[in-house]
Visitor: 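This is the structure I want to talk about, given as structure tokens.
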Amino acid sequence: QVIHAAFLSALKMLDVGKWPIFALCSQEELKLIRQACVFGSAGNEVLYATENDEVFVLGTNCSGCLGTGDIQSTIEPQRLDTLCGKKIACLSYGSGPHVVVTTAEGEVYTWGHNAYSQLGNGTTNHGLVPCQVSTNLVNKKVIEVACGSHHSMVLTSDGEVYAWGYNNSGQVGSGSTANQPIPRRVTSCLQNKIAVNIACGQMCSMAVVENGEVRMFLNLKLLGQYSRHCLISEAALQGIRVQRVACGYAHTLVLTDEGQLYAWGANSYGQLGTGNKSNQSYPAPVIVDKDRVIEIAACHSAHTSAAKTQGGHVYMWGQCRGQSVILPHLTHFACTDDVFACFATPAVTWRLLSVEPDDHLTVAQSLKKEFDNPDTADLKFLVDGKYIHVHKVLLKIRCEHFRSILNNNDDDIIEMSEFSYQVYRAFLEYLYTDSISLPPEDAIGLLDLATFYRENRLKKLCQQTIKQSICEENAIALLSAAVKYEAEDLEEFCFRFCINHLTVVTQTTGFAEMDHDLLKNFISKASRVGAFKN
């Protein structure tokens, strides 16, 4: 199961005490934890990193999966010297268990169970200490790792996928069913397309490519009952752009760029969330309230599914503490991690939990804190009768526009009338934080500003924010804005949304009042993609 370094917004959200294994750590040790992963057939192994990038392990040590050099269990945290100072970026584990880690530098380390060559070192000997995997990965920066039951997969920064290990169902994408002893680039399944996300079930592998398609690695000549559950109908996802994929034991979840959720595969515990226990061989929509889904969660060792919505609600379904929950159930949790701590069997983490220490401010955090601070500012913008306090030097460093207008300018107040207070404040705050805090419906004004100031990254962020607010009623208005401000990515997104919801969109007031030229171009483009075919 792939486990990303997910930086939670507040330390309170990461309550590692929900996983029983952490009861072995003292309060002093718990305070130092920056990253943590609980794994193993009973959730009895843990790896964690401290704020000083020291790595520790403890637990039952099945197959030497703790990497301590032996197979002895340990009730006391043991330091893993090989990984100390390496800065873990992504971690995944198998059922043996075996462990695969990539560092911030893109290096890959593996250890643990190796009966099927899942460590990628060319042998079938268990690995008792972390060893770097370099075969076929030299000069490659690995950014994501994923493990199935006994196979491993990695994604590089240039969009290549490599896989190795157990291959009884063709899950390493080699075209055969022979186990793969060393990393081998997956080519035929991906057809040379750039991959952006990977995930593994027990005996299957998935990848999302940059055009939003989902690719599965499987030998179609060997379709057993398990494999049939994993099959995907390309026609079922036609016109849908997938952003993320997550795999359970034998089921798959995908999240689209419109915040919709689809699922297919085995469904004995209701893990698809479709309201029944019937297996699905093609993607079926999963209705999670009426809100947009922003995160999906599954783990190859469990039949549990979870999702988080834009409004912050966390849902769970599937096997939950022995119960079969066949529809998404609203929980009181703040994050999907808590679902797996409290309701999954075994109680593991589905991703690498990470927090920043709360007693130290980074440079970025310090700058964010100083935005609109009258005590330290040397410049004020007067917008709609309100002041916004900023720092000249930071504005000149961050923005070409301000670099030109603030040179040899001794004014301490500048009046601004071209944009609203809310929009201009969001723009200035972006220069301090690299993010925008503006409701999606108000982001069009900021998109206008970003276009005017030629702030391309801000323009891209605005487009991402605007996408979150799209619905049938405003789709034409957003499409019109995208065309006006030459926001090509947003224009394509809005166009596809309109095509996918054509019947409802064409009945809206926005469509009736559509600009003549825009309507003409829309009909022409829609015709070219076959929107009006019977």
Side-chain angles (χ1 to χ4, degrees), residues 191 193-194 196-197 207-216 231-245 252-264 274 280-288 290-294 310 440-441 443-444 447 451 459-460 462-534:
Q191 297 176 334
K193 293 190 175 181
I194 294 174
V196 295
N197 177 222
V208 179
V209 294
E210 63 177 351
N211 66 352
E213 295 176 349
V214 179
R215 297 300 174 95
M216 189 175 92
L231 273 180
I232 173 175
S233 168
E234 288 189 8
L237 287 176
Q238 189 172 7
I240 293 170
R241 191 178 294 257
V242 172
Q243 281 189 332
R244 302 290 300 176
V245 60
T252 300
L253 308 175
V254 294
L255 177 63
T256 75
D257 61 353
E258 291 184 9
Q260 296 174 327
L261 174 60
Y262 290 83
W264 68 91
T274 52
Q280 285 281 141
S281 59
Y282 59 91
V286 182
I287 307 303
V288 182
K290 293 181 180 179
D291 205 355
R292 177 183 296 266
V293 176
I294 60 171
Q310 189 172 318
E441 59 270 19
I444 291 179
L447 177 62
T451 305
K459 191 173 178 178
K460 185 177 292 187
C462 290
Q463 293 180 68
Q464 293 171 356
T465 301
I466 293 169
K467 287 178 184 179
Q468 297 172 5
S469 68
I470 195 168
C471 63
E472 288 89 348
E473 285 297 324
N474 67 12
I476 295 298
L478 296 184
L479 176 62
S480 177
V483 173
K484 178 180 179 181
Y485 299 123
E486 299 179 351
E488 295 178 0
D489 181 55
L490 179 61
E491 179 183 349
E492 179 61 25
F493 176 84
C494 293
F495 174 76
R496 284 191 291 103
F497 182 92
C498 290
I499 296 301
N500 290 337
H501 304 81
L502 191 60
T503 302
V504 179
V505 168
T506 53
Q507 296 173 7
T508 63
T509 304
F511 188 83
E513 298 175 353
M514 199 173 181
D515 174 78
H516 176 74
D517 289 338
L518 182 62
L519 176 61
K520 182 179 177 181
N521 290 335
F522 177 82
I523 292 175
S524 175
K525 188 174 180 181
S527 178
R528 289 198 300 273
V529 299
F532 304 122
K533 290 181 180 178
N534 291 329

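For this chain, numbers begin at 1 and follow the sequence in order.
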Visitor: Heavy atoms only: give me the nearest Gln463-Leu447 pair and the separation to one decimal.
Guide: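 Minimum heavy-atom separation between Gln463 and Leu447: CG-CD1, 4.4 Å.
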Visitor: Contact between Phe493 and Ile466 at the side-chain level, heavy atoms closer than 4.5 Å - yes or no?
Guide: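 With C-beta onward as the side chain, the pair stays apart.
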Visitor: For a quick test of reading the model, state the closest non-hydrogen atom pair linking Ala531 to Ile499 and the distance between them.
Guide: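 Where Ala531 meets Ile499 most closely, the heavy atoms are CB-CD1, 3.9 Å.
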Visitor: Taking side chain as C-beta onward, heavy atoms only, is Val214 less than 4.5 Å from Pro283?
Guide: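 A side-chain contact is absent here, since even the closest heavy-atom pair is not under 4.5 Å.
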Visitor: Which residues satisfy the ring-ring contact (aromatic ring centres under 6.0 Å, His included) test with Phe495, sequence neighbours excluded?
Guide: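 Phe495 satisfies ring-ring contact (aromatic ring centres under 6.0 Å, His included) with Phe522 once adjacent residues are dropped.
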Visitor: Tell me the closest heavy-atom pair linking Cys494 and Ala475, and the distance in Å.
Guide: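 The answer is CB-O, 4.3 Å.
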Visitor: Nearest 0.5 Å please: distance from the CZ atom of Phe511 over to the CD1 atom of Ile476.
Guide: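 Interatomic distance, Phe511 CZ to Ile476 CD1, rounded to 0.5 Å: 6.0 Å.
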Visitor: At their closest point, which heavy atom of Leu253 faces which heavy atom of Ala263, and how far apart are they?
Guide: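 Reported closest heavy-atom pair: CD2-CB, 3.6 Å.
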Visitor: For the backbone of Ser524 and the side chain of Ser527, can you confirm whether one donor and one acceptor N or O come within less than 3.5 Å of each other?
Guide: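 Side chain of Ser527 to backbone of Ser524: no pair is present.
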Visitor: Just by modelled atom types, is the Val209 backbone N or O under 3.5 Å from a matching donor or acceptor in the Asn197 side chain?
Guide: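 Absent.
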Visitor: Okay, side chain of Asn474, backbone of Cys471: is any donor-acceptor separation there less than 3.5 Å?
Guide: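 Looks like yes, one N/O pair under 3.5 Å.
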Visitor: Which heavy atom in Phe497 sits nearest to a heavy atom in Glu472, and how many Å separate them?
Guide: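 Taking every non-hydrogen atom into account, CE2-N, 3.7 Å.
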Visitor: With sequence neighbours excluded, give me every salt bridge (charged side-chain N to carboxylate O under 4.0 Å, His left out) pair touching residues 499-526.
Guide: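 Qualifying pairs, neighbours excluded: Glu492-Lys525.
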Visitor: Let me see the working for Asp257 and Arg496 under side-chain contact (heavy atoms from CB on, under 4.5 Å), right down to the final yes or no.
Guide: CA-CA 11 Å; Asp257 61 353; Arg496 284 191 291 103; 2.9 Å; yes
Visitor: If you look at every heavy atom in Leu490 and Lys467, which pair is closest and at what distance?
Guide: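 So the minimum-distance heavy-atom pair works out to CD1-CG, 3.9 Å.
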Visitor: Under 3.5 Å, side chain of Asp489 to main-chain N/O of Lys460, donor-acceptor pair present?
Guide: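 No; zero donor-acceptor contacts below 3.5 Å.
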Visitor: For Glu213, what residues pass the salt bridge (Lys or Arg N to Asp or Glu O under 4.0 Å) criterion, not counting sequence neighbours?
Guide: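 Glu213: salt bridge (Lys or Arg N to Asp or Glu O under 4.0 Å) contacts with Lys193, Arg215.
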Visitor: Measure the CG-OG1 distance between Leu261 and Thr256 for me, rounded to the nearest 0.5 Å.
Guide: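 Output value for this atom pair is 8.5 Å.
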Visitor: Could you walk me through whether Leu237 and Tyr282 pass the side-chain contact (heavy atoms from CB on, under 4.5 Å) test, one step at a time?
Guide: CA-CA 9 Å; Leu237 287 176; Tyr282 59 91; over 6 Å; no
Visitor: Lys459 side chain to Tyr485 main-chain N or O, any donor-acceptor pair under 3.5 Å?
Guide: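 Here the side-chain-to-backbone pair exists.
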Visitor: Stepwise, does the side-chain contact (heavy atoms from CB on, under 4.5 Å) test hold for Gln260 with Val293?
Guide: CA-CA 6 Å; Gln260 296 174 327; Val293 176; over 6 Å; no
Visitor: Measure from the side-chain N and O atoms of Arg292 to the backbone N and O of Gln468, and report whether any donor-acceptor pair falls under 3.5 Å.
Guide: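 At least one qualifying donor-acceptor pair exists.
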Visitor: Working to the nearest 0.5 angstrom, can you tell me the gap between Lys484 NZ and Thr451 OG1?
Guide: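 It comes to 10.0 Å.
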Visitor: Before you tell me yes or no, could you show the steps for His501 and Glu258 under side-chain contact (heavy atoms from CB on, under 4.5 Å), namely the whole-Å CA-CA distance, both residues' side-chain angles and the distance that decides it to 0.1 Å?
Guide: CA-CA 12 Å; His501 304 81; Glu258 291 184 9; 3.4 Å; yes
